[in-house]
Every structure is written in structure tokens, then in C-alpha cells.
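Please read the structure below before turning to the comments.
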2 protein chains.
Amino acid sequence: MLKKKITLKHIARELEVSISTVSKALKNSEEISRETKEKIQAFAKLYNYKPNNIAISLKNKRTKNIGVVIPDIVHHFFTTVVRGVEKYANTKGYNVIVCLSDESFDKEVINMELLANGSIDGFIMSLSSGTQKENDYNHLKEVTEQGIPLVLFDRITNEVECDKVIIDDAMGAYLATKKLIEQGRKRIGLITTHDYLSVSKARTTGYQKALKEFGVSEQQDLILKMPSMEMDGQLIENFIKNSKVDAILTVNEIFSIYGMQVAQDLGLKIPDDISFIGFTDGLLSKYANPSLTSIAQHGERMGEISAEMLIQKIESEEEEETYQTKILEPTLIERNSTIN
Amino acid sequence: MLKKKITLKHIARELEVSISTVSKALKNSEEISRETKEKIQAFAKLYNYKPNNIAISLKNKRTKNIGVVIPDIVHHFFTTVVRGVEKYANTKGYNVIVCLSDESFDKEVINMELLANGSIDGFIMSLSSGTQKENDYNHLKEVTEQGIPLVLFDRITNEVECDKVIIDDAMGAYLATKKLIEQGRKRIGLITTHDYLSVSKARTTGYQKALKEFGVSEQQDLILKMPSMEMDGQLIENFIKNSKVDAILTVNEIFSIYGMQVAQDLGLKIPDDISFIGFTDGLLSKYANPSLTSIAQHGERMGEISAEMLIQKIESEEEEETYQTKILEPTLIERNSTIN
DNA sequence: TTGTAGGCGTTATCAG
DNA sequence: CTGATAACGCCTACAA
């Protein structure tokens, strides 16, 4: 019953020719006679011969695999990036090996080391919070020193020389804050995470820049820093109750969604009494009630660009030591949490 | 600057011993003298020697890679499954290659054929809608005939003999419908997709079973079949307006979320005038307003079980021709769309 | 205790 | 036009 994979050797033996003749015949080489080629090709087709990827990888020192290392996969933004990577990679004949660091430094290191031993031709990754906290990038440096191309996206670091793709997080926060100010909001809060996350830091900067630039006199920083990646509902509730904000910008969707619920429970009208803008224009923003105005991060595009940059590096012969950082423009998507 | 990967050959040449001596020494073989072993191990460590995965794969005919083929990755349920697969696979030293079929039969076929040529040791997959529509499973049969283990989850077919993992979709729909009936709902609608999707079909069956079993006299089927995977807001709106339902069960989250918005726009109170239950207990259900009662599909557990079954098959020597189907119990998670 | 040889499946070079 | 040989990196049975 088992139709095991057939190899060049089998064909050669069966047809009583040499392995190299078979190999050439299947490549339609000019060296081989029409007759022999036809015989071999017919036989190969009949038995559904397909070359073994692993053997080819060993020979070519090319796997046609891309390693994508992300902190979490149950996460809208990262999945859109993966989709973008897949999309581009597939057109170029590459497969995508997905590894989850689970926001852990150790897992990130282990995963990368494993894949770096020949399983992939290059990495596309976003740093785990654990890594950004430890601020230790030796595993990345080792990879690049071995000549394995690396593209960092979204959560990046300046410690490593490699190609990078991000959106202009500061500008995103700036745009959002500006929008709120222009709507006449006077006390604009920011709910963020720790600054060791590169993106949160950049967003905070953008928020502060806008405040400074357009700042109404009484304006001041109203920043809530969540202690962990998890959401702490109580903190948000207290923040809304005590800080008397009339607008809130959050570095993700969840904080906003939850904030809106708290606000509504407190009897506040959205957006009349308080308005919200979140980051990461995902499903939650679209389907929230009221729908959430948010800063689109263009994950899919980011994935495509990352894959393009990576494959370009993989396939370029020369050892170019030039790296670039592509910065995408964020887009403000207006919904009912700021307008009605 | 480039510290290229070092091989056994390099070490052997450098230390003026044979390759096999190096190989054995690094495996701490008894055959090799203490002295030689120490010398070799020290050198290997210094130069950070790591065996090449590809070479080992070729030799062992084992890649330690699992191919996961799913219709879409920007999708909560599938990502939870992937996470479960990763979790279990990693503990067993396997990597996960993710391929997206994009709901397309053709892409599913291409992806699988590519990976089947030696890149993976087994498949975990959920059928694309395109495949279920075509009802053509030859690509799956070929894979299993080649002796490559396959586990189907969620969207499965009886046409292929292999291990399967699903939740009891009929029971899920039955439980939900029963709950609605017990709450005194009289006109319970179902919003689903085409029946060629195995899960939608099963859910419809469960819904009808409950209606029949508990059916209030006036009860009848109030079924809206969405023509595509995409959501058509207009159809839902008309359905709610015209069918006079006082409860709706939907085969995913989105239909419910959207339905709730339509209902609220029509001035209906949830859950007083109309209540909702959806499938796939994801973020949307949790953060919707009101929060959505839903049937949890236990994706992560499903992924773990799939991986466990697959790896068990991969690593078992014998050609067992026995396949099992594991059926997980769905769980009804009550939220504010049915209670307040 | 160490080394040689052959093989995993493929391709490229060179010889016949 | 066809085939033998070596090589990719590793492992292992068998010699020495």
C-alpha cells in the first residue's frame, strides 16, 4: 500500500542507466539523447518523482526556509505580519518556519540557535519583551556574525546591525494626540507599558511631543504605565476615575476597549465625555462598541517588506554590509470613539 | 569578521585526526581516549560547533519539522491551535512550519506537495473551504500513502483515513440552543455558512436537534446561510429585521458581534429583546459590548492533542494502521449577551 | 584507540 | 551521449 518516495537511484536501477544520467535527463539537459530523456521523464512522471528538498538543501547550502520569530501568535498584529511574510516568501519559493518566543528571552535564544544550525536561510523577528528587558542581544549578533541575514521588525534594537522595518510609532502617537487636542480635549491620558519596549517608548515620545507643541496651558503628562504585558483592569479603572481625563490614547487595542467599558460603566458618554484612540487597528477596534479610532500599523505590509529585504539579502551574492531601516507611516483610522 | 559555521571536517583537519574520531569524541564515545576527547571537545566548544541540522536530517530521514497547514492565520481560533502545536512540539524538539492555504484548494495542494518532499515528518492541518467545496482529497491521500503521518483538526473529512481532532460541534450548537430555549426564547435564529464546511454542517445539525427535542410548537428553522466566508452586513441586518427572532446563534464570533450592533441600532435591548450566542470564544467575545456568550472551541488544547498524536505516529516504529478521532467537549461560556 | 569506507539524495565536473 | 567520481555534513559498521 505504501508508495514510498522514489529517488534518482531507484529510477537509475530500474531503467539500467546511471544516476547522473537520470539527474540530467530530468533537468532536460542537452547532453542526453531525446530517447533516453523521454524514457526517464515518463518513468519519473509515472512514479511521481520529486527531488528531495533536504538533499538539495545540503548540496546548495540553501534551505529556502525563513525563520520567523515572534513573541506571540495569538495576537492580531503579529499574525498580519506573518501573513505578509508568507505572501511574499511563497512567491519566491520560500517556506516559513514560525517560532514563538512567548515573550521570553530564553526561548528566543533557544529557538534561534536551533534554527541557525542550517534549518533556515535567514531570520525575520520581533524582540520578545524579555529580551528588551534584559537588553542582551548576543544571540542576534552571533547569528549575523555567522552571515545569516536578519530583519528586525516592530520591536527592534539599535544594538544590532541589520535591516529593520518599523512604523513611525512616535508619529503615530503624535497624530493621535494632535487629533485629540484639535478636538478640544484638555486632559489627554496615555496608557502604555514599560519603556523597555521600544515601541511603547517611541509612542510615549510622540504623545509628549504633541502635548508640548500644542499644549494647552493646564496640560500635563497623564501617563499610566501598566506593570506587565497583561491588562490590569483595576489600574485602568482607577486611572479613569481619578485622573479626570477627557481623552485617552493607548498603546494597544485592549487597553482602549477595556477603558471604554470602564468609562461607560461610570456613566461617561463616548466620545462626548471622553474619547479614545488605540494602536493596532485590529478586529477589536472595528467591532468594538463604540468602534475604536486607532492607529493602523500596517502589519501585512511590514511583513511583505521584511520578507523582501530578507530574501534580497539571502540571494545577493556580495557581502553587502549596508543595512537600512524602513519606516512606514502609520495611519489614523477614525471611528466612533472620537467622532459621531 | 564572519565566523562561519564550523564542521566536523574543520575540526578534524585542525586537530589532525579523522572525521569519525571527532564525531565519536563529541558524542563522548567510549571508543575514544580521554585525552583525545577532551582536546576535541574543548576545541569544538571554543569554536561553538553545532551539528548541521540538514545533514542530520538527510542521514536520519527525520527532519524534526512539523508542517501545519491552516486556511488563515489572522484568525483567533487557528492561532490558538498553532500555539498549542508549538507548545507540545517544542517540548519534543520539533519545529513548526506554518503554511497558509488562504482558503484555496490550489494553494493547499501546492504547499503540501512542497513540504512533503522531505521537509517535514508529518502534517497537522485544517481543510480550506476551497477543498471542502471541491470535495477533492487526493493530495491528502497521496501524503498518507507515502507513509507521512497526518492529523486533521476542526475542519476534517471522512474521505481520508488519518487521526483527527475536533470538538463536538453538534453538541456545542445543541448546548447553546438548549440554553436559549430554556431562557424562554421562542424564535431562535441561526446564522451560518455553507454546509460544505464540515463544522457549519455539524453545528446546524446540533441546532436543529435541540429545536426538535425541546421545540416549542411555533418553533421553526430560522436559518441564514451566508454565501461566503466574508461577512455581509446587509444580509444580517435584513435577517434580524424580518425574521422577528428573539435569539440568534452564530457559527463564529463576527456574525454575532455584527448582529448585536445591528440589533442595538434597531433599538433592541440585549439580552432582553434578543440574545446572542456565538462560536469561538475569542477576544471579540470577551471584549464586545455587551460581552458575548459563546462556545469555546479549546483551540490550544486541540493543537496540543494534534501534535501529540502526530509525534506519536512519527516516532512509533510500527506501521500502525489504526486511526482515532478525538472529540473534545465544547464549553458554553456565559456572558452578558444572554444574562444580565 | 583511531581511521576507512560507504551511504543518506542530489548535482557538477570530468572522463569515456 | 553516458557514466564514474566527488562533494555537501554527518554517522556508523567495520578495519587496522
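Everything numeric in this text was worked out from a predicted model, so none of it was measured. First the proteins, then the strands, lettered A, B, ... as listed; each starts at 1.
To the nearest 0.5 Å, atoms CG (B:N135) and CD (B:E159) are separated by 5.5 Å. Rounding to the nearest 0.5 Å places CD of A:Q146 at 8.5 Å from NZ of B:K4.
An OP1 or OP2 oxygen of D:dG3 is reached within less than 4.0 angstrom by a side-chain nitrogen or oxygen of A:T21. Residue A:S33 has a polar side-chain atom (N or O) positioned under 4.0 Å from OP1 or OP2 of D:dT2. Look at B:S57 and you won't find any side-chain N or O under 4.0 angstrom from OP1 or OP2 of C:dC8.
Using a 4.0 Å cut-off between charged nitrogen and carboxylate oxygen, A:R301 and A:E304 count as a salt-bridge pair.
Checked against the 6.0 Å centroid criterion, the rings of A:Y49 and A:H10 do not qualify as a close aromatic pair.
Counting heavy atoms from C-beta outward, B:F78 and A:T79 have side chains that stay 4.5 Å or more apart.
Of the candidates A:E134, A:M125, A:E113, A:E108 forms a side-chain contact (heavy atoms from CB on, under 4.5 Å) with just one, namely A:M125.
Across the protein-nucleic acid pair, A:L15 atom CG and D:dT2 atom C1' stand 14 Å apart, rounded to whole Å. Regarding A:K4, its NZ atom lies at a distance of 14 Å from the C1' atom of C:dC8, rounded to whole Å. Whole-Å rounding puts the B:E30 CD to D:dT12 P distance at 15 Å. Rounded to an integer number of Å, the gap from CZ of B:R13 to P of C:dT2 is 20 Å.
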Exercise for the section: Just do the salt bridge (Lys or Arg N to Asp or Glu O under 4.0 Å) check on A:R155 and A:E103 with the steps written out, would you? Expected result: CA-CA 11 Å; A:R155 301 205 205 149; A:E103 301 287 8; 3.0 Å; yes
Practice task
Would you please test B:D72 and A:R83 for salt bridge (Lys or Arg N to Asp or Glu O under 4.0 Å) and show each step?
Solution key: CA-CA 8 Å; B:D72 184 14; A:R83 187 201 257 165; 3.3 Å; yes
Completion exercise
Each nucleotide of nucleotides 9-16 of chain C classed B (base within 4.0 Å of a protein heavy atom), S (only sugar-phosphate) or -, in 5' to 3' order, makes BBBBBB--
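Within residues 39-46 of chain A, no residue is approached by DNA chain C to less than 4.0 Å at the level of any non-hydrogen atom.
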